[in-house]
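Source: prediction; values computed, not measured. Protein chains get the first letters and strands the later ones, always in sequence-line order, with residue 1 at the start of each. What you see below is based on every heavy atom in this structure, not just the backbone, and it leaves out hydrogens, waters and symmetry mates.
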Amino acid sequence: MIISHLRAFIKFKGDSFLLPSQNPLSSSRFSPHAALLASLLHSNSFSNNGDRPLSRYQKVANLDDAFNLFDEMTQRRPLPSVVKFNQLLNAVAKMNHFSCSLDLFKQMCLIGVPVNEYSMSIAIKCCCQMSRTNDGFALLASCFRRAVVPNVYIFSTLLDGLVIEDRILEAENFFKKLIKQKLCEPDVVMYSTMIKGLCKFGNNDIAIGLLRLMDERGCKPNVVIYSTIIDSLCKDKLIEDAFKLFKEMVFAKGIQPDVITYNSLIHGLCNLCRWDEVSKLLKEMEEDLRISPDLHTFSILVDALCKEGRVDEAEAVIDIMVERRVVPDIVTYNTLIDGYCLRGEMTKARTLFDSLTSKGFVPNVVTYSSLLNGYCRSLKIEEAMHLFHEMTRKGLKPCIVTYSTMLQGLFRVGRCGAARKFFDEMQAQGLIPDECTYGIILDGFCNNHQVEEALSLFHLVGDSKLNYNIVVYNILIDGMSKCGKLDIARDLFQDLTLKGLQPDVRTYTVMVSGLCGEGLLKEANHLFRKMGESGCPPDGVTYNVLLQGYLKKQNYDDVEMLLQEMDGRRYSLDASTLSMLIDEIAAGSVDRSMLKLIGKLVPKEMMDTTAVPR
DNA sequence: TTAGGGTTAG
């Protein structure tokens with residue numbers, strides 16, 4: 001449906017160029033092609049800052065040009081105005097060369113260019129973008145020395161720096177202090193920065209509160225503010241709330257949504273696999289509002305289709321975007337490579353990877369990591385190793401995700417020694433293991449029967465934040481009980497409550513499984529019943545685990561009751577529990593009268609492949 | 001005649 005809509009619209013889009021109102025250059029004197037060319041020419045050549053052509057200080061193509069120009073400027077007498085220097089500084093920052101831009105700023109100061117609030121805000125932005133917000137604050141202090149009065153631009157940039165570094169409490173305090181001490185009156189950009197920070201930390205309600213407050217204080221919210229909160233709600237799967245805010249923005253406030261607003265909503269719907277609504281939204285944005293989907297929109301669609309395993313449709317979307325002259329970028333292709341890898345189609349993944357260079361793209365660390373992940377998932381560890389070395393040879397620095405992928409692959413094939421080497425190398429590179437890496441290593445050791453290694457790492461990590469994570473306990477409890485170390489599993493289970501961690505359904509399930517494994521059915525059942533009381537009711541997996549425990553111990557008394565409870569809660573039997581039940585029925589240990597009940601508990605997709613005896 | 005905010009991938 002999405003594809004047919006996108007395809008149908010190519011024609012519509014083509015026609016729309018013929019509308020004279022679209023572009024002042026396209027009048028009836030021009031042929032359609034001339035109008036099209038005129039419109040492209042107009043949009044590509046000039047309109048970076050209104051209709052004014054860029055100055056030579058703003059359009060430097062690369063770093064060399066920038067440095068040469070800067071040298072030339074410093075030679076001139078009198079020195080060029082600070083405006084020209086600021087333009088160059090900003091051009092370098094816009095190329096993401098923050099460190100270089102900062103160097104130029106320092107040289108400006110040294111040679112006595114009278115830096116102003118514009119120069120300061122660019123320099124501070126460079127610090128903040130490099131996660132060096134403290135240096136940004138040091139520059140703020142130097143404003144006073146340089147007789148530059150910090151303004152709302154400078155303060156917003158610093159506030160954003162704190163948000164970038166996840167220093168949310170400091171950001172809130174800074175924001176409050178600015179208002180309280182009347183250092184500046186927040187404008188719509190500063191509010192949006194604070195709102196972004198609140199959203200980043202899951203405080204959607206407070207963010208909405210601030211939206212109301214700014215309105216009351218006479219600062220009108222705009223599409224950026226609304227889109228920020230809408231996006232956050234979508235990411236938290238609160239799609240209905242997102243649409244409520246969207247409607248408020250459009251109908252109550254009269255603010256027009258733009259392509260970014262739609263991208264967030266489309267992304268939110270894709271994550272929930274609500275494809276019909278995605279199509280509806282695409283149609284609405286294009287046909288009603290004349291907003292064309294952009295590169296982001298297409299990437300979101302490609303990614304969502306790949307994650308659903310609908311790679312053919314993802315390919316079709318890329319074809320359509322090309323037809324519609326939206327040029328795919330490396331993100332689009334990385335997503336598709338990931339899609340192939342997820343389906344184990346490694347030949348296709350590799351072919352696409354190899355064709356990227358001829359398409360004019362340079363594979364980046366994500367491209368390599370995606371393909372590595374594919375090889376690791378298919379247990380082709382030699383190919384993965386080879387690719388890993390290829391990427392380092394090409395000067396790409398493996399990141400934490402690359403290492404985690406390799407570690408997972410090596411553990412899967414039982415190469416614990418090599419995994420340990422990679423882990424050491426990763427740390428030697430200055431990369432600090434995150435929760436995900438740590439989990440992979442603990443899980444890897446446990447699955448390879450090296451529970452002592454896992455435990456010693458766990459103790460080495462000690463009181464670090466990494467160990468304040470229920471996932472860590474779930475891995476260890478599971479690992480310990482599977483290796484017959486139920487006592488340690490029990491200790492860990494006790495330990496987590498002392499630490500103030502809340503067991504989740506997985507924690508209980510692995511513990512129930514461990515107890516069942518040792519034949520301690522009474523204790524397993526006791527824990528199972530405690531789950532509901534603790535506000536964490538058993539899920540389908542817990543029921544299957546307990547059922548298997550009973551069946552293995554040939555304790556059939558509670559089987560029917562458990563099956564009935566499962567039916568009441570609409571849980572299903574998994575393949576191995578079902579097979580055990582069938583065996584028991586065949587052996588006459590379980591009454592055939594339960595067959596009807598069992599039949600109700602077989603998931604539909606299993607019905608086609610499993611023969612339940614009648 | 002120069003500066004600050006929102007959307008995509010492993």
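Looking at A:Thr193, its side chain has no donor and acceptor atom pair within 3.5 Å of the base of B:dG5. Judged by atom type and distance alone, A:Ser192 reaches the base of B:dG5 through a side-chain donor-acceptor pair under 3.5 Å. Judged by distance alone with a 3.5 Å cut-off, no donor-acceptor contact links the side chain of A:Thr335 to the base of B:dA9. Looking at A:Ser264, its side chain has no donor and acceptor atom pair within 3.5 Å of the base of B:dT7. Judged by atom type and distance alone, A:Asn151 does not reach the base of B:dG4 through any side-chain donor-acceptor pair under 3.5 Å. Taking 3.5 Å as the limit, the base of B:dG6 and the side chain of A:Thr228 contain no donor-acceptor pair of atoms between them.
At the heavy-atom level, A:Ile225 lies under 4.0 Å from base atoms of the strands shown. No engagement by A:Lys200 is indicated, since no non-hydrogen atom pair under 4.0 Å with the nucleic acid exists. Residue contacts shown for A:Val365 include a base, since a base heavy atom lies under 4.0 Å away. Here A:Ser370 lies in heavy-atom contact (under 4.0 Å) with sugar-phosphate atoms only. Heavy atoms of A:Cys399 sit under 4.0 angstrom from at least one base atom.
A donor-acceptor pair under 3.5 Å is formed between the side chain of A:Glu165 and the backbone N or O of A:Thr133. With hydrogens and angles ignored, the 3.5 Å screen pairs a side-chain donor or acceptor of A:Ser142 with a backbone N or O of A:Leu139. A:Arg343 contributes a side-chain N or O that, together with a main-chain N or O of A:Gly309, makes up a donor-acceptor pair within less than 3.5 Å.
Taking the six-membered ring wherever Trp is involved, the centroid distance between the rings of A:Phe85 and A:Phe70 falls below 6.0 Å. Close placement of the A:Tyr262 and A:Phe246 rings is indicated, their centers lying within 6.0 Å of each other.
The closest side-chain donor-acceptor pair between A:Thr437 and A:Asp434 falls under 3.5 angstrom.
Going from atom CG of A:Asn271 over to atom C1' of B:dT7 covers 13 Å, rounded to whole Å. Between the P atom of B:dA3 and the CG atom of A:Leu88 lies a distance of 13 Å, rounded to the nearest Å. Distance CG (A:Asp303) to P (B:dT8): 10 Å, rounded to an integer number of Å. Going from atom CD1 of A:Ile229 over to atom P of B:dT7 covers 13 Å, rounded to whole Å. Between the CG atom of A:Leu233 and the P atom of B:dT7 there is a distance of 14 Å, given to the nearest Å.
Checking B:dG5, B:dT2, B:dG10 against every side-chain atom of A:Asp338, the shortest atom distance belongs to B:dG10. Closest to the side chain of A:Asn86, out of B:dG5, B:dT2, B:dT7, is B:dT2. Nearest nucleotide to the A:Asp231 side chain, out of B:dT2, B:dT7, B:dG6: B:dT7. Comparing atom distances between the A:Val223 side chain and each of B:dG6, B:dT7, B:dG4 picks out B:dG6 as nearest. Of the candidates B:dG5, B:dT2, B:dA9, the closest approach to any side-chain atom of A:Val366 belongs to B:dA9. Nearest to the side-chain atoms of A:Thr157 among the listed nucleotides B:dG10, B:dT1, B:dG4 stands B:dG4. Nearest nucleotide to the A:Tyr118 side chain, out of B:dT2, B:dG10, B:dT8: B:dT2. For A:Ile260, taking side-chain heavy atoms from C-beta onward, the closest of the listed nucleotides B:dT2, B:dA3, B:dT7 is B:dT7. Which of B:dT8, B:dG5, B:dG10 sits closest to the side chain of A:Asp329 comes down to B:dT8. Among the nucleotides B:dG4, B:dT8, B:dG6, the one closest to the side chain of A:Asp187 is B:dG4.
Side chains of A:Asn271 and A:Lys237 form a contact here, defined as non-hydrogen atoms less than 4.5 Å apart.
When A:Asp231, A:Thr228, A:Asp160 are each tested for a side-chain hydrogen bond (donor to acceptor under 3.5 Å, both in side chains) with A:Lys196, only one passes: A:Asp160.
Within a heavy-atom distance below 4.0 Å of DNA chain B, the residues of residues 242-258 of chain A found are A:Asp258.
Using a 4.0 Å cut-off between charged side-chain N and carboxylate O, A:Glu248 and A:Lys244 make no salt bridge.
Residue A:Lys125 places at least one side-chain N or O under 4.0 Å from the OP1 or OP2 atom of B:dG4.
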